[in-house]
Amino acid sequence: MRRHELTDQEWKLLAPLIPRAATGRPRVPDRQVINGMVYKIRTGISWRDLPERYGPWQTVYTRFRRYALDGVFTRALQRIQARADADGDIDWLVQIDSTIVRAHQHAAATGRKGGSLGPDEPDDHALGRSRGGLTTKIHLACDGRGRPLAILVTPGQRHDGICARPLLERIRVPRTGLGRPRCRPDHVIADKAYSSRGFRAYLRQRGIGQTIPEKTDQQRHRHNRGRRGGRPPAFDRQIYRQRNIVERCFNRLKGFRGITRYEKTATSYEAAVTLASFLLWARSVC
């Protein structure tokens, strides 16, 4: 095994989920192609510069795009999460946050006009403009051990509070036996960007505990209303100290140089982040 390639244990987890053609010409071995994808995500090189040991770069890219549209990496991530949950290895003290990623100028072009980009591709391709240039924002929910549970990519200018509910609704850990997937954390930790009446009411409705600091203007508004302002929301400083776990998770994800966005479509970029998340999980359970 070379550097930046799958171990035998990681391949054993991923291999059953790889689609295989029943007929046709002999193809480049799946493990060889997947190793090319991992090498690309880990080093951040362009597809055309992949080493020849992984086969033709067109083959590696075509299969990556096909797997991205088919949701192969998402299913792989859910499978390894289900295995960890069955062993009681997931800490459901969930932290949510976001980080902004610079998008390379090559990500600005979305291919030929009229080309099929997939049914789930957003119109803006999760690319936003700011004074810093083109950016994409990764919204992340991680467990208490700093491993990704759910990922959502949006344009860089999208506010965190708007994406809080869609992000939590993406948490879906299947059961290894009978039963519905687990979708509800025990507790959610978030920073002031997520402090809103609507989001707090949503968490209470789902029976999810919360540790979210109140914004200064919200405190002032509540005080100005007197008795009508209501009680301040509960806030546990000891629990909030654990919010650094999600920051460390981002740090490990950005260790994959391919997380800097070069992909033109949001579908491919989210697949790359999901593959990196799968590798983080695999290293913690294998």
Side-chain angles (χ1 to χ4, degrees), residues 71 73-85 88-101 120 126 136-156 158-175 180-196 198-213 236 239-256 259 266 269-285:
F73 301 125
T74 300
R75 292 195 294 272
L77 181 60
Q78 290 179 341
R79 176 168 181 164
I80 199 170
Q81 290 172 348
R83 173 178 168 179
D85 189 43
D89 190 35
I90 295 183
D91 184 352
W92 286 97
L93 181 67
V94 172
Q95 294 99 49
I96 60 175
D97 204 355
S98 68
T99 186
I100 290 180
V101 177
D120 299 327
T136 293
K137 183 176 282 190
I138 302 175
H139 303 266
L140 176 71
C142 75
D143 75 336
R145 297 184 58 188
R147 298 169 300 186
L149 290 173
I151 297 161
L152 177 66
V153 296
T154 65
R158 191 68 50 83
H159 192 272
D160 293 354
I162 298 175
C163 302
R165 289 181 59 171
L167 177 63
L168 289 180
E169 289 168 359
R170 284 195 168 204
I171 298 178
R172 186 179 178 85
V173 179
R175 310 287 186 179
R180 294 178 296 176
R182 174 158 185 179
C183 305
R184 186 173 64 86
D186 292 333
H187 200 95
V188 168
I189 305 175
D191 60 20
K192 289 184 179 181
Y194 299 91
S195 177
S196 68
F199 185 52
R200 292 181 192 274
Y202 166 77
L203 293 176
R204 284 195 298 269
Q205 183 181 6
R206 293 189 60 188
I208 301 173
Q210 56 185 276
T211 299
I212 306 174
D236 191 323
I239 294 179
Y240 190 70
R241 287 180 179 178
Q242 301 183 53
R243 204 189 71 82
N244 66 87
I245 293 175
V246 68
E247 304 291 352
R248 285 185 276 153
C249 182
F250 278 129
N251 188 37
R252 287 193 294 270
L253 269 179
K254 289 187 174 182
F256 293 83
I259 297 302
Y269 183 66
E270 187 171 332
V273 179
T274 304
L275 177 57
S277 300
F278 168 81
L279 295 173
L280 292 181
W281 272 95
R283 292 169 187 174
S284 71
V285 301

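If you read the sequence from its start, that first residue is 1, and numbering goes on from there.
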Undergrad: Within the side chain of Tyr269, is there an N or O that forms a donor-acceptor pair under 3.5 Å with the backbone of Ile259?
TA: yes
Undergrad: Do you know which two heavy atoms are closest between Ala164 and Tyr194, and how far apart they sit?
TA: CB-CD2, 3.6 Å
Undergrad: Between Ser98 and Asp160, is there a side-chain donor-acceptor contact under 3.5 Å, judged purely by atom types and distance?
TA: yes
Undergrad: Please report the closest heavy-atom contact between Arg158 and His139, naming both atoms and the distance.
TA: O-CE1, 4.4 Å
Undergrad: Looking at Tyr240 and Pro213, what are the two nearest heavy atoms and their distance?
TA: CE1-CD, 3.5 Å
Undergrad: Does Arg170 use its side chain to pair, donor to acceptor, with the backbone of Ile151 at less than 3.5 Å?
TA: yes
Undergrad: Going from CG on Leu140 to CD1 on Ile96, what distance comes out if it is rounded to the nearest 0.5 angstrom?
TA: 10.0 Å
Undergrad: Kindly indicate, with the supporting measurements, whether the criterion side chain to side chain contact (heavy atoms under 4.5 Å, CB included) is fulfilled by Trp92 and Asp143.
TA: CA-CA 6 Å; Trp92 286 97; Asp143 75 336; over 6 Å; no
Undergrad: Regarding Asp89 and Arg83, does a basic nitrogen lie under 4.0 Å from an acidic carboxylate oxygen?
TA: no
Undergrad: Can you find a heavy atom in the side chain of Ile171 that is under 4.5 Å from one in the side chain of Cys183?
TA: no
Undergrad: Measure the CG-CD1 distance between Leu167 and Ile138 for me, rounded to the nearest 0.5 Å.
TA: 12.0 Å
Undergrad: Can you name the side chain to side chain donor-acceptor pair (under 3.5 Å) partners of Ser284, sequence neighbours left out?
TA: Arg147
Undergrad: Identify the heavy atoms of Gly146 and Cys249 that sit nearest to each other, and give their distance.
TA: O-SG, 3.4 Å
Undergrad: Mind checking side chain to side chain donor-acceptor pair (under 3.5 Å) for Thr99 and listing every partner two or more places apart, or none if nothing turns up?
TA: Lys254
Undergrad: Starting at CZ of Phe256, measure out to CG of Leu279 and round the result to the nearest 0.5 Å.
TA: 5.0 Å
Undergrad: Apply the test side chain to side chain contact (heavy atoms under 4.5 Å, CB included) to residues Arg204 and Gln210: give CA-CA distance (whole Å), side-chain angles for both, the deciding distance (0.1 Å), then the verdict.
TA: CA-CA 8 Å; Arg204 284 195 298 269; Gln210 56 185 276; 3.9 Å; yes
Undergrad: On a heavy-atom basis, which atom in Trp281 and which in Pro148 lie closest, and how many Å separate them?
TA: NE1-O, 2.6 Å
Undergrad: With side chain to side chain contact (heavy atoms under 4.5 Å, CB included) as the test, would you mind laying out the steps for Leu93 and Asp186 before giving the verdict?
TA: CA-CA 6 Å; Leu93 181 67; Asp186 292 333; over 6 Å; no
Undergrad: Judged by atom type as modelled, is there a donor-acceptor pair below 3.5 Å linking the side chain of Arg200 to the main-chain atoms of Ile212?
TA: yes
Undergrad: When rounded to the nearest 0.5 angstrom, what distance separates OG1 in Thr154 from CD in Glu270?
TA: 10.5 Å
Undergrad: Yes or no on side chain to side chain contact (heavy atoms under 4.5 Å, CB included) for Lys137 and Cys163, after CA distance, side-chain angles and deciding distance?
TA: CA-CA 11 Å; Lys137 183 176 282 190; Cys163 302; over 6 Å; no
Undergrad: Which atoms form the tightest heavy-atom contact between Arg182 and Pro185, and what is the distance?
TA: NH2-C, 4.2 Å
Undergrad: Nearest 0.5 Å, what's the CD-NE2 distance between Gln242 and His187?
TA: 9.0 Å
Undergrad: Indicate yes or no: at least one non-hydrogen side-chain atom of Val173 is less than 4.5 angstrom from one of Pro181.
TA: no
Undergrad: My understanding is that only residues two or more places apart in sequence, or in another chain, count here; which of them pass side-chain contact (heavy atoms from CB on, under 4.5 Å) with Thr74?
TA: Gln78, Thr274
Undergrad: Could you check whether any side-chain heavy atom of Ile239 comes within less than 4.5 Å of a side-chain heavy atom of Ile189, counting everything from C-beta outward?
TA: yes
Undergrad: To the nearest 0.5 angstrom, please state how far the CZ atom of Arg184 sits from the CD atom of Glu169.
TA: 14.0 Å
